[in-house]
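A quick write-up on the structure given underneath.
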Amino acid sequence: MSLLLLLLAAAANAPVAEASGATVGAPVDYGRLIDNAIDGNRVIQADTMLAQWRADPAPGDKAGIAIAEARLALAKGQDAEAEARFAALAQAGMTDCRIDEGLGIARLRLGRPQQATELLRRAADHCDRSWRTWNALGVAYDAGKSWALSAAAYERAFQLTGRPVQVLNNYGLSLMAQGEADKAAVIFDQARRMAPDDARIISNGDAAQIMAGRDIERRAEDDADSWAKRLGDAGQVAMRMGDAVKARAYLSRAMTEAESYQPKAAAALAAMGARP
């Protein structure tokens with residue numbers, strides 16, 4: 001069975017992550033709870049627990065607090081700070097796959113995929129059940145156009161997470177980069193069924209449809225402004241593809257849908273040497 005079919009079939013059977021908490025009467029395991037909160041995208045909760053941990057640390061908690069601080073910086077999108085924190089931990093000789101994963105992801109986000117790849121491989125070797133590691137490894141392999149390796153990494157990530165939309169998005173982008181727009185459109189359709197209001201998925205799915213030579217369709221939820229934006233974005237995709245006729249058509253339609261979008265569409269048309 002092809003990877004595409006495996007991914008789509010797995011969507012119906014993806015495991016749901018179980019919530020976990022501290023045992024009543026036992027010491028609070030802040031490290032585990034913060035890791036769970038970060039993995040569940042509950043950043044505010046993780047921040048609160050980290051403050052509590054800092055206020056009342058147990059002997060030997062220093063290293064765990066440092067890792068939590070670095071992971072939380074990464075979760076907040078503070079990539080340069082996270083990279084510095086993880087790098088300091090690695091230079092201090094700490095061996096923890098969360099450090100390799102975090103440093104690899106930070107460097108990947110900072111545009112250094114070659115430096116990230118080996119770190120993420122090492123993280124996958126030692127903690128092979130982290131979907132974030134495998135997902136990031138797929139992105140790193142994509143940067144090097146190692147398509148077979150990235151596909152395998154995304155498949156592994158997909159199997160490990162109950163929240164597969166991010167993995168599907170990245171795999172769809174990978175397929176688009178390979179010129180497989182039809183397959184990418186199928187992946188984005190699956191992702192949109194899971195997250196119908198995710199603007200990133202909608203935008204990337206529209207781009208895949210345009211690249212595949214198909215028109216985009218208005219959703220029932222689209223008001224005039226959101227539909228005009230989608231039409232305008234589709235025009236920009238067509239323009240990048242070199243299809244001036246389709247680009248003008250989309251941008252002109254965008255202007256008629258919403259007055260708020262007219263200046264942007266008019267500017268794009270003017271840049272093409274066309275009058276609206």
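The basis for the numbers below is simple: all heavy atoms, side chains too, and nothing from hydrogens, waters or symmetry mates.
- Criterion: ILVMFWY side-chain heavy atoms under 4.5 Å apart, direct or through other members. Under it, L120 and W131 are part of a common hydrophobic cluster.
- Contact record, G235 with A247: O-CB, 3.4 Å, taken as the closest heavy-atom pair.
- A side-chain N or O of D215 and one of Y250 form a donor-acceptor pair less than 3.5 Å apart.
- F86 and L110 are not part of a single hydrophobic cluster, where members link through side-chain heavy atoms under 4.5 Å apart.
- Although no hydrogens or angles enter the test, the distance criterion places a donor-acceptor pair under 3.5 Å between the side chain of D222 and the main chain of R219.
- When side chains are defined from C-beta on, E69 counts as touching R54, because their heavy atoms get closer than 4.5 Å.
- Residues N169 and F188 meet the side-chain proximity criterion, which asks for heavy atoms closer than 4.5 Å.
- Hydrophobic clustering (side-chain heavy atoms under 4.5 Å, transitive across Ile, Leu, Val, Met, Phe, Trp, Tyr) groups M241 together with I216.
- R112 and E83 are joined by a salt bridge, as a carboxylate oxygen and a charged side-chain nitrogen come within less than 4.0 angstrom of each other.
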Requested in this report: Carefully, step by step, assess R230 and D233 under the rule salt bridge (Lys or Arg N to Asp or Glu O under 4.0 Å).
Outcome: CA-CA 5 Å; R230 287 183 62 201; D233 290 346; over 6 Å; no
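- Between the side chains of R121 and Y141, at least one donor N or O sits under 3.5 Å from an acceptor N or O.
- When atom types are taken as modelled, the side chain of D206 and the backbone of S203 share no donor-acceptor pair closer than 3.5 angstrom.
- Residues A123 and T133 approach most closely at CB-CG2, 3.8 Å, considering heavy atoms.
- Here the side chain of D198 pairs a donor or acceptor atom with the backbone of I201 at under 3.5 angstrom.
- With values rounded to the nearest 0.5 angstrom, L168 atom CG is found 10.0 Å from R193 atom CZ.
- Atoms CD1 and NE2, on I99 and H126 in that order, are 12.5 Å from each other to the nearest 0.5 Å.
- Side-chain N or O atoms of R107 include none that pairs as donor or acceptor with a backbone N or O of G111 at under 3.5 Å.
- In the hydrophobic clustering of ILVMFWY residues, with side-chain heavy atoms under 4.5 Å counting as a link, W147 and Y171 come out apart.
- Of all heavy-atom pairs between A63 and M94, the closest is CB-CE, 3.6 Å.
- We find the CH2-OG distance between W134 and S150 to be 12.5 Å, quoted to the nearest 0.5 Å.
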Requested in this report: Let me see the working for K76 and E81 under salt bridge (Lys or Arg N to Asp or Glu O under 4.0 Å), right down to the final yes or no.
Outcome: CA-CA 10 Å; K76 292 178 178 179; E81 178 184 342; over 6 Å; no
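- For the residue pair T48 and Q52, no side-chain donor N or O sits within less than 3.5 Å of a side-chain acceptor on the partner.
- Nearest heavy-atom pair, A70 versus L89, reported as atom, atom and distance to 0.1 Å: CB-CD1, 4.5 Å.
- Pairs engaging residues 42-125 under the disulfide (SG to SG under 2.5 Å) rule: C97-C127 [sequence neighbours left out].
- Residues R42 and M49 are not in side-chain contact: their nearest non-hydrogen atoms beyond the backbone lie 4.5 Å or more apart.
- Atoms CG and CD1, from L50 and I65 in turn, are 7.0 Å apart once rounded to the nearest 0.5 Å.
- No donor-acceptor pair closer than 3.5 Å links the side chain of T161 to the backbone N or O of F158.
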Query - Verdict with supporting geometry, D96 and I67, side-chain contact (heavy atoms from CB on, under 4.5 Å) - result: CA-CA 9 Å; D96 188 303; I67 292 173; 3.7 Å; yes
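- Distance check: M211 CE to D243 CG gives 12.5 Å after rounding to the nearest 0.5 Å.
- W227 and Y261 fall into different hydrophobic clusters, where Ile, Leu, Val, Met, Phe, Trp and Tyr residues are linked whenever their side-chain heavy atoms come under 4.5 Å apart, directly or through other members.
- For the pair Q262 (side chain) and M255 (backbone), a donor-acceptor distance under 3.5 Å is present.
- The backbone N or O of I34 sits nowhere less than 3.5 Å from a side-chain atom of R71 that would complete a donor-acceptor pair.
- At least one donor-acceptor pair closer than 3.5 Å links the side chain of R156 to the backbone N or O of D128.
- Judged purely by distance below 3.5 Å, without hydrogens or angles, the side chains of D223 and S226 pair a donor atom with an acceptor atom.
- When only modelled atom types and interatomic distance are considered, Y154 and D142 share a side-chain donor-acceptor pair under 3.5 Å.
- Looking at R200 and V165, their side chains come closer than 4.5 Å, going by heavy atoms from C-beta outward.
- Within the 4.5 Å cutoff, no side-chain heavy atoms of L74 are placed close to those of E101.
- Between D35 and R32, no side-chain nitrogen of the basic residue sits less than 4.0 Å from a carboxylate oxygen of the acidic one, so the salt-bridge criterion is not met.
- Distance check: R122 CZ to T117 OG1 gives 12.5 Å after rounding to the nearest 0.5 Å.
- Between A46 and I38, the shortest heavy-atom distance links the atoms CB-CG1, 3.8 Å.
- The nearest pair of heavy atoms linking I202 to P196 is CD1-O, 3.6 Å.
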